[in-house]
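What follows is one structure encoded as structure tokens, with my remarks underneath.
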Amino acid sequence: MLHIGPYRFNSRLLLGTGKFTDFNTQKEAVKISETEILTFAVRRMNIFEPTQPNFLEKIDVQNYTLLPNTAGANNAEEAVRIANLAKASGLCDMVKVEIIGCPQTLLPDPVETLRATEMLLEQGFIVLPYTSDDVLLAKRLQDLGCHAIMPGASPIGSGMGIVNPLNLSFIIEQAKVPVIVDAGIGSAVDAAQAMELGADAVLLNTAVSGAKDPVKMASAMKHAIIAGRESFEAGRIAKKTYATASSPLEGISK
Ligand SMILES: CC(=O)[C@@H](O)[C@H](O)COP(=O)(O)O
């Protein structure tokens, strides 16, 4: 079971809701993924304008925990403002801090992310900062008291998978809060790898919404995350340079 602050989840898949070609595909993908947490950019919701189109309109949002993110914020103050807007509209008291520092790589701004996390924690939010795979930054965020750490596997939407598994495993090793690998997942094997490294969950969007068959990919991601977690818990065999026979002959009388 995944624990984030006071919340408990059976699914370890967090699904982004953007970039689907149509609302029916989005709905089917969300359903088959069996995710319990949906994430979205607050700035894309017309939260105070019920007459305007709502991109979650096909989804029965009562059945999900909503994780608004602060995408679009350029600094800590803007992120805090966006988080409060989401909270005031009754969406959730959890927030994913997303403060992009570079328009080309979409990598997060570490200083502003740290500041926003501190400010939001002071205001009583359940805070999940999206961060790079910087090991010490992850520790600093954890020391502030954030409720989960969300290191990127690779740049958002790149589909490059985990570019630095070593950094990720260092982050996981030292973590006292859930580690949710967020962004850059390209296919099911990447999601399984994150879980095998010991991540607590995976957040992804583009790999599903941009797949040739998004619904099938959502299903694949669900299974990959379950398989990766089971494999992690089962404990993999040690890697060796040379072969070991599968049917050893030692001890067998001739
Ligand atoms: C939807 C969301 O929160 C994204 O910002 C997230 O980082 C997903 O990234 P990918 O699209 O690379 O999976």
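Atoms within a ligand are numbered from 1 in the order they appear, just like the ligands themselves. Computed from a prediction, not measured in an experiment: that's the story for all the values here.
Salt bridge annotation for E77-R115: present, with a cationic side-chain nitrogen under 4.0 angstrom from a carboxylate oxygen. Note on D182 versus K96: salt bridge recorded, some NZ/NE/NH1/NH2 to OD/OE distance being below 4.0 Å.
Within the 4.0 Å heavy-atom criterion, neither part of T17 lies near ligand 1.
Between D182, V208, I100, it is D182 that holds the heavy atom closest to atom 8 (C) of ligand 1.
Remark: minimum distance from atom 13 (O) of ligand 1 to any protein heavy atom is reached at N205 N, 2.9 Å. Closest protein heavy atom to atom 9 (O) of ligand 1: A183 CA, 3.4 Å.
For ligand 1 and N69, the ligand atoms under 4.0 Å from any heavy atom of the residue are 3 (O). Residue L204 approaches ligand 1 through these ligand atoms, each under 4.0 Å from one of its heavy atoms: 13 (O). Within the listing of ligand 1, atoms 3 (O), 6 (C), 8 (C) sit less than 4.0 angstrom from a heavy atom of L203.
Residues I37 and L15 form no side-chain contact, since every pair of their non-hydrogen atoms from C-beta on lies 4.5 Å or further apart.
Between G184 and ligand 1, an N or O atom pair is found at a separation short of 3.5 Å. Looking at ligand 1, you'll find an N or O of G157 within less than 3.5 Å of one of its N or O atoms. The N/O atoms of T206, backbone and side chain alike, include one that comes under 3.5 Å of an N/O atom in ligand 1. Backbone and side-chain nitrogen or oxygen atoms of Y130 are examined, and none is located within less than 3.5 angstrom of a nitrogen or oxygen of ligand 1.
In this structure, the side chain of D200 engages the main chain of V179 through a donor-acceptor pair within 3.5 Å. Using a distance-only test at 3.5 Å, with no hydrogens or angles considered, a donor-acceptor pair links the side chain of T17 to the main chain of T39.
V181 is not connected to I149 by any chain of hydrophobic side-chain contacts under 4.5 Å among Ile, Leu, Val, Met, Phe, Trp and Tyr, and they are in different clusters. If you chain together hydrophobic residues whose side chains sit under 4.5 Å apart, L203 and F9 fall into the same group.
Between the side chains of K19 and T206, at least one donor N or O lies within less than 3.5 Å of an accepting N or O.
Under the 4.0 angstrom criterion for non-hydrogen atoms, K96 is in contact with ligand 1.
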